[in-house]
Amino acid sequence: MKTTFFITLATVLSIALLITYMVKKEQRSMSQLSARVIKLVQKFHSWQTMK
């Protein structure tokens, strides 16, 4: 009975860690994409003001 409990607990913890890793990775990539878009908008704005 205890073995089943510990196996279930270890499985749940490993799944939680995996989900946390994936969410953080996705947030990091989204922030990088957002930074690129902001840079492009700033370049476009500066190009427009030079006209």
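- Atoms CG and CG, on Leu13 and Leu9 in that order, are 4.5 Å from each other to the nearest 0.5 Å.
- At least one donor-acceptor pair closer than 3.5 Å links the side chain of Thr8 to the backbone N or O of Thr4.
- In this structure, Phe6 is not a member of the same hydrophobic cluster as Ile15, with clusters built from ILVMFWY side-chain heavy atoms closer than 4.5 Å.
- For Lys24, the side-chain contact (heavy atoms from CB on, under 4.5 Å) partners two or more places apart in sequence, or in a different chain, are Thr20, Arg28.
- Expressed to the nearest 0.5 Å, how far CE of Met30 lies from OG of Ser34 amounts to 7.5 Å.
- In this structure, CG in Leu40 is found 11.0 Å from CZ in Phe44, a value given to the nearest 0.5 Å.
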